[in-house]
K.L.:
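Got a structure for you, written out below as structure tokens; questions coming shortly.
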Amino acid sequence: MQEITESKIIGVSTPRVDGPLKVSGIAKYASDHHFPGLLYAWPVCATIANGTVTNLNLSEAEKMSGVVAIYHRANIGPLYRVPPATGFSLILDEKRPPLEDDVVRYYGQYVAVVVAQTVEQARAAAESVRVTYSRQKPDVSEKLLGSPLTTEKPDQKSKRGDAASALQSAQVKVDEIYTIPVETHNPIELHASVAVYDGQKYTLYETSQAVVNHRDVLAQMLGVPTEQVQVITRFLGSGFGGKLWPWPQSILAAACSRNLERPVKLVVSRQMMFQSVGHRPAIDQRIQLAATPDGKLTAVGQDYVNHTSILDDYDEGCGEITPFIYSTPNLLVTGGLARRNVGNPTAMRGPGAVPGLYALESAMDELAIALKMDPVALRLKNEPEVDESLEIPFSSRHMKECLTVGAEKFGWSSRTPEIGSIKQDGVTLGWGVAACSWLAARTETEATVELRQDGSARVACGTQDIGGGTYTVLAQVVSHETGIPVNKIEVVLGDSALPPGPISGGSWVTASVTPSVLEAAQNATKSVLLAAVKSDGSPFKDKKPDDLEFIDGTIRLKGQSASTVPMSEILRIARVKSVSGSGKSQGTFGEAKPKYSFHSYGAQFVEITWQPEIARLRVSRVVTVIDAGRIINPAPARNQIEGAVVMGVGMAMFEETMYDPRSGAPINNNLADYVMAVNADSPKIDVTFLDYPDYKLNALGVRGVGEIGLAGIAAAITNAVYHATGVRVRNLPIRIEDLLAPKSLSVA
Amino acid sequence: MELFKLVAARNIPDAVKAQAAANTAQNGADIRFIAGGTNLIDYMKLNVERPKQLIDINGLSLDRIEKTQDGGLRIGALARNADVAHDPIVKEQYPVLSLALLSGASPQLRNMATTAGNLLQKTRCVYYRDTATACNKREPGSGCSAIGGYNRMLAILGTSEHCIATNPSDQNVALTALEAVIHIQGTKGQRAVPIAEFYLVPGTTPERETVLEPGDLITHVTLAKLPTGAKSTYLKLRDRASYEFALASAAIVMKQEGGKIDFIRIAMGGVGTKPWRATEAEAALRGKSATAENFRDAAEIVLRDATPQSQNGFKIELAKRCLVHAMSQASQAA
Ligand SMILES: Cc1cc2nc3c(=O)[nH]c(=O)nc-3n(C[C@H](O)[C@H](O)[C@H](O)COP(=O)(O)OP(=O)(O)OC[C@H]3O[C@@H](n4cnc5c(N)ncnc54)[C@H](O)[C@@H]3O)c2cc1C
Ligand code: SF4
């Protein structure tokens with residue numbers, strides 16, 4: 001791989017190319033699509049979490065104005081399951097097609113769907129469908145560790161040495177349980193599907209973080225060849241993982257459109273967002289750490305159990321980071337799943353790593369306290385030389401520098417470890433730290449680049465921009481390779497008809513697309529050179545392409561600037577409107593025997609304020625240092641980290657989906673009762689990127705920044721809370737009631 | 001939402017007459033006034049409110065804020081929360097009201113929300129808003145899902161075994177501390193109801209929340225002049241820093257004379273089934289000096305009869321701290 005070290009545009013903050021479209025309202029999101037004859041669908045949601053539908057009384061609803069059709073198990077028509085598959089194909093979390101049987105397994109499961117002329121009519125009729133159930137007591141119980149699992153024993157996820165004996169003989173030990181409640185993604189854009197079936201082909205406007213997979217899944221479930229399905233997501237009002245895989249509303253919308261041969265729009269309500277489009281599962285984790293008195297880890301144990309739905313297995317994978325983040329001779333990570341009457345969980349920003357690091361980094365803080373050691377020093381002391389779980393080198397790891405640079409910027413050296421010992425303006429401050437990491441990878445990607453006679457370019461890839469800035473990054477990469485300015489580069493994404501691109505997940509879009517886009521751009525410039533030597537009238541006619549070079553949108557004889565001719569001139573002479581090149585790059589994700597351990601790293605430093613007199617806790621300041629390879633576009637990259645930090649404040653202090661134990665309903669199912677961080681909760685955030693290119697991953701040395709910013713924040717906050725109050729919160733979110741303890745209230 | 005008829009009232013008698021035909025002025029009313037609509041429409045969308053007719057009262061000129069002859073203030077029923085909060089007289093003479101309003105909702109909502117609409121806003125009990133659940137307030141006799149369910153936000157004062165829902169308003173707490181008088185035009189003429197008599201505790205009839213009868217239109221609210229030198233403040237405690245209802249809040253009006261408290265009014269929000277006035281604690285403080293111990297003793301009196309539920313016991317200590325802090329703020333206000 002040839003390393004690209006110099007660039008006029010890579011690494012330069014570049015305004016988002018799609019920014020004007022978004023702020024002017026021109027950008028069309030899925031539910032903005034309208035078609036002549038459009039009908040509206042509204043699902044009927046079960047109001048039990050466990051039982052069977054014994055009767056659907058449609059008589060009132062059928063008579064209501066505007067109602068076109070009501071579909072249920074008996075008349076929805078054929079819907080199929082997807083076959084088992086490996087790798088990144090045919091993925092969906094809720095595998096049962098909607099309305100497949102009469103059994104209700106979670107609250108809000110769709111039991112019918114009404115199609116009407118207007119959305120109000122559809123909703124009113126759906127609410128008038130009378131459903132009779134035979135009810136059973138739902139299980140939405142919170143305790144997971146120790147409750148029956150889907151497997152006989154927990155699954156062994158990673159092992160080295162003998163953790164059990166090392167823990168037994170340990171001189172210093174931490175052994176605690178940390179829990180995380182259900183969190184609901186709640187992007188502002190509701191999940192939506194506009195399905196257009198013309199008797200032959202389905203064109204589906206979706207809220208999808210993975211249009212190619214979405215197409216493949218829908219083709220399978222509808223029972224048609226993939227050519228007859230096209231999935232389009234030009235813009236996404238974010239997803240946070242909740243829009244990675246298709247959910248039942250998408251299949252319902254397509255089936256309704258098929259049955260009626262009319263376009264059908266189905267927008268999920270905010271309430272349904274809490275029921276049937278995934279969530280981060282509730283998770284219990286037991287962490288055991290053992291160390292020598294001078295702070296060297298001798299054993300790490302992690303046992304997690306996450307809840308999953310009745311029919312599907314969603315594994316949160318909380319042991320993602322544990323095996324390689326610290327050096328330890330002995331380690332055992334196990335995981336298990338426990339069934340509950342809930343919709344199937346799904347990936348939420350930083351799946352596995354974010355919950356896993358909350359527990360591990362809390363335990364590391366507890367260990368530092370037990371050792372009477374500075375928590376930064378403890379982490380530095382346990383820095384590994386290699387990835388000890390796979391016994392391979394790290395591609396590029398600067399964790400120590402993240403910690404030391406962060407400590408410097410934060411002013412950590414003035415921290416006194418005693419509880420409640422730092423005061424400022426009459427409030428008590430707490431300072432906490434956590435380390436973090438997130439995987440880096442590439443997945444297989446194809447792209448095309450077209451160079452046009454008018455001097456512009458077009459780049460196309462079947463990936464998506466979910467708000468992070470992919471449109472702009474692709475324009476920058478093409479600009480880097482061709483010299484064509486960003487504002488003359490059209491970027492086309494979000495369409496399954498384009499060359500297949502990566503899912504917008506895993507923070508790997510940028511790392512995956514850049515190699516294929518670079519290759520496509522290089523191939524496109526080669527086509528220009530070919531035109532230059534083959535076309536009559538070209539000044540380079542009958543030269544060899546190898547004699548020429550393509551520099552900044554112009555062609556010339558190698559090294560001879562006097563011979564320079566613009567690309568547009570050559571294409572005009574050749575009388576072609578455009579030439580194109582394609583690129584394809586391989587993936588690293590899921591490699592059986594990787595050569596390097598690819599990960600990003602970071603350190604999170606948090607300051608909280610505590611006012612015991614009114615039990616008020618706020619996060620005031622966050623310093624975050626991120627080692628995520630080369631940063632292509634610093635401004636939106638910083639946005640990613642800042643947004644993740646605010647999300648971390650919500651995770652630590654506010655967010656929790658509550659299930660009513662009697663009905664199994666997610667009961668705080670709206671944005672007033674599901675509390676997340678608002679602007680006033682956003683701390684001062686200082687983001688630093690170390691910016692070390694990881695050339696082992698790709699030529700530009702880029703990894704990705706979408707998820708790592710959230711990892712570690714919750715632990716850094718609970719660690720800071722302990723420092724200020726002496727209360728260790730091991731069950732998120734931190735509640736005022738946790739801090740109304742004699743200990744924390746007596747901090748003066 | 002169900003189909004409904006929308007009519008605009010041309011004058012006050014028209015409005016009164018149109019609503020007088022309603023089955024009730026309480027929960028389940030089939031004819032309703034609509035002011036800002038920020039509360040009513042939400043509940044209509046959820047099928048909790050199913051009026052057949054809405055009477056738009058926005059055309060009635062009831063939005064003025066003006067001084068009364070005796071030095072008090074008259075606030076029109078349609079005065080927007082934002083306008084009241086930023087009114088120079090309110091800010092100068094009744095800062096507790098301005099602070100309470102500004103601590104509530106969001107700027108956009110406050111631009112729409114009206115004084116009377118706020119007086120009558122519904123509880124935020126999650127079961128009240130969910131028609132799939134039992135709720136005595138919404139469907140008398142069906143039971144109370146909050147008792148034994150999710151009740152962290154709900155009341156600890158004035159509850160009954162039939163309902164524990166909180167009156168969620170901030171404005172109403174301030175108005176209670178200011179002893180506001182609510183002026184109502186009904187079928188039998190005008191009447192003036194002191195705010196302390198306006199709200200009902202749930203008892204066995206949680207569906208009845210106020211003394212309003214069909215045809216009753218709130219026209220304005222009056223505030224008496226406060227004694228010279230009185231200070232007032234509002235403190236709201238909640239999980240996040242903004243845009244959330246109170247877990248506990250306190251409205252305090254206080255005047256000291258010669259180092260002693262000689263005028264004190266205390267009201268609490270977030271903890272009561274109605275805006276909670278604490279007259280007994282006020283009496284205990286009168287003539288005492290403004291010390292943390294005296295404030296704490298008063299707070300103990302306010303919360304003495306609190307009945308916690310499975311999740312909201314922490315509100316007792318939180319409310320006490322809220323009171324003590326608010327009172328010490330009021331006592332130190334310049
Ligand atoms: C997201 C959100 C957050 C909020 N946060 C807070 C908060 O933190 N603190 C807080 O205090 N409030 C909060 N609110 C509530 C807000 O204050 C109320 O919605 C608002 O005050 C209602 O006023 P309105 O004029 O819109 O009432 P409407 O919705 O128009 O009416 C409410 C009720 O009052 C009746 N009514 C209106 N005018 C009259 C009249 N003149 N005579 C008789 N009856 C009348 C109507 O018939 C209806 O029953 C919040 C609301 C929302 C939506
Ligand atoms: S507390 Fe009141 S409003 Fe809430 S469920 Fe019980 S009866 Fe209904």
Side-chain angles (χ1 to χ4, degrees), chain A residues 45-48 64-65 107-108 119-121 123-124 127-128 131 269-271 611-619 649-650 653-656 658-663 665-683 733-742 745, chain B residues 1-3 42 45-47 50 103 105-106 109 124-127 129-134 143 145-146 148-153 168 235-245 247-250 292 295-296 308 310-326 328-329:
Chain A
C45 299
T47 55
I48 65 166
M64 289 173 69
S65 59
Y107 194 96
V119 67
E120 292 82 5
Q121 289 168 334
R123 180 173 182 176
E127 285 162 355
S128 303
V131 189
S269 70
R270 185 60 64 181
Q271 179 177 341
Q611 293 167 270
E613 64 279 13
I614 47 172
R616 181 175 285 169
L617 173 71
R618 299 284 181 249
V619 178
V649 172
M653 294 174 50
F654 309 122
E655 294 192 45
E656 172 172 17
M658 321 255 191
Y659 291 83
D660 186 289
R662 301 154 302 186
S663 67
I667 196 69
N668 56 337
N669 56 13
N670 60 78
L671 292 185
D673 293 306
Y674 182 87
V675 181
M676 37 192 171
V678 293
N679 276 336
D681 296 299
S682 302
I734 306 161
R735 293 262 187 220
I736 288 176
E737 35 275 57
D738 299 324
L739 301 181
L740 280 169
L745 293 178
Chain B
M1 197 185 300
E2 298 193 346
L3 286 179
D42 278 6
K45 285 192 195 156
L46 293 165
N47 293 323
R50 300 162 167 244
S103 76
S106 65
L109 283 159
R124 309 303 289 199
C125 173
V126 293
Y127 302 99
R129 57 181 293 143
D130 183 353
T131 55
T133 63
S145 299
Y150 176 57
N151 51 44
R152 179 172 182 267
M153 300 295 291
L235 177 66
K236 180 174 181 178
L237 303 183
R238 48 185 158 186
D239 295 303
R240 68 181 169 199
S242 168
Y243 204 27
E244 195 189 9
F245 289 92
L247 289 167
S249 71
F295 293 152
R296 182 76 195 189
S310 53
Q311 297 175 334
N312 65 4
F314 74 99
K315 280 192 175 187
I316 297 178
E317 180 58 29
L318 190 69
K320 290 179 189 168
R321 283 175 184 257
C322 184
L323 279 170
V324 172
H325 200 71
S328 71
Q329 272 180 349

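So that the names make sense, note that chain A is the first sequence line, chain B the second, and so on, each numbered from 1. Only this structure's heavy atoms are used, side chains among them; waters, hydrogens and symmetry mates stay out.
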K.L.:
Please classify the contact between B:Asn312 and chain A as side chain, backbone, both or neither, with a heavy-atom cut-off of under 4.5 Å.
P.N.:
neither
K.L.:
Examine whether an atom of B:Glu2 lies under 4.5 Å from a heavy atom of chain A, and if so say whether it belongs to the side chain, the backbone or both; otherwise answer neither.
P.N.:
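Interface part for B:Glu2: neither.
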K.L.:
Could you look at B:Leu3 and say if it's the side chain, the backbone, both or neither that has a heavy atom under 4.5 Å from chain A?
P.N.:
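Neither; nothing under 4.5 Å.
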K.L.:
When rounded to the nearest 0.5 angstrom, what is the spacing between CG in A:Asp681 and OH in B:Tyr243?
P.N.:
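Result: 13.5 Å between the selected atoms.
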K.L.:
Any non-hydrogen side-chain atom of A:Asp673 less than 4.5 Å from a side-chain atom of B:Arg129?
P.N.:
yes
K.L.:
Which heavy atom in B:Ala132 sits nearest to a heavy atom in A:Thr47, and how many Å separate them?
P.N.:
CB-CG2, 3.9 Å
K.L.:
Nearest 0.5 Å, what's the CG-CD distance between B:Leu318 and A:Glu737?
P.N.:
9.0 Å
K.L.:
Quick check for you: to the nearest 0.5 Å, what is the distance between B:Lys45 atom NZ and A:Glu120 atom CD?
P.N.:
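It comes to 9.5 Å.
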K.L.:
Might you point out which heavy atoms bring A:Ile667 and B:Tyr150 nearest each other, and give the distance in Å?
P.N.:
CG2-CB, 3.9 Å
K.L.:
Could you check A:Arg616 against B:Leu237 for side-chain contact (heavy atoms from CB on, under 4.5 Å), going step by step and ending with a plain yes or no?
P.N.:
CA-CA 8 Å; A:Arg616 181 175 285 169; B:Leu237 303 183; 3.7 Å; yes
K.L.:
Listed by chain and number, what are the side chain to side chain donor-acceptor pair (under 3.5 Å) partners of A:Asp660, not counting sequence neighbours?
P.N.:
A:Arg662, B:Tyr127
K.L.:
What part of B:Asp130 is in contact with chain A, defined as an atom under 4.5 angstrom from a non-hydrogen atom: side chain, backbone, both or neither?
P.N.:
side chain
K.L.:
Pick one of side chain, backbone, both or neither for B:Arg124, based on which atoms fall under 4.5 Å of a heavy atom in chain A.
P.N.:
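Contact with chain A involves both backbone and side-chain atoms of B:Arg124.
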K.L.:
Shortest non-hydrogen contact from A:Glu613 to B:Arg321?
P.N.:
O-CB, 3.1 Å
K.L.:
Can you tell me how far CG of B:Leu247 sits from CD1 of A:Ile736, rounded to the nearest 0.5 angstrom?
P.N.:
5.0 Å
K.L.:
The test is side-chain contact (heavy atoms from CB on, under 4.5 Å); show your working for A:Met658 and B:Val126 and say whether it passes.
P.N.:
CA-CA 11 Å; A:Met658 321 255 191; B:Val126 293; over 6 Å; no
K.L.:
Given a strict heavy-atom distance threshold of 4.5 Å, which part of B:Ser328 is in contact with chain A: side chain, backbone, both, or neither?
P.N.:
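Neither part.
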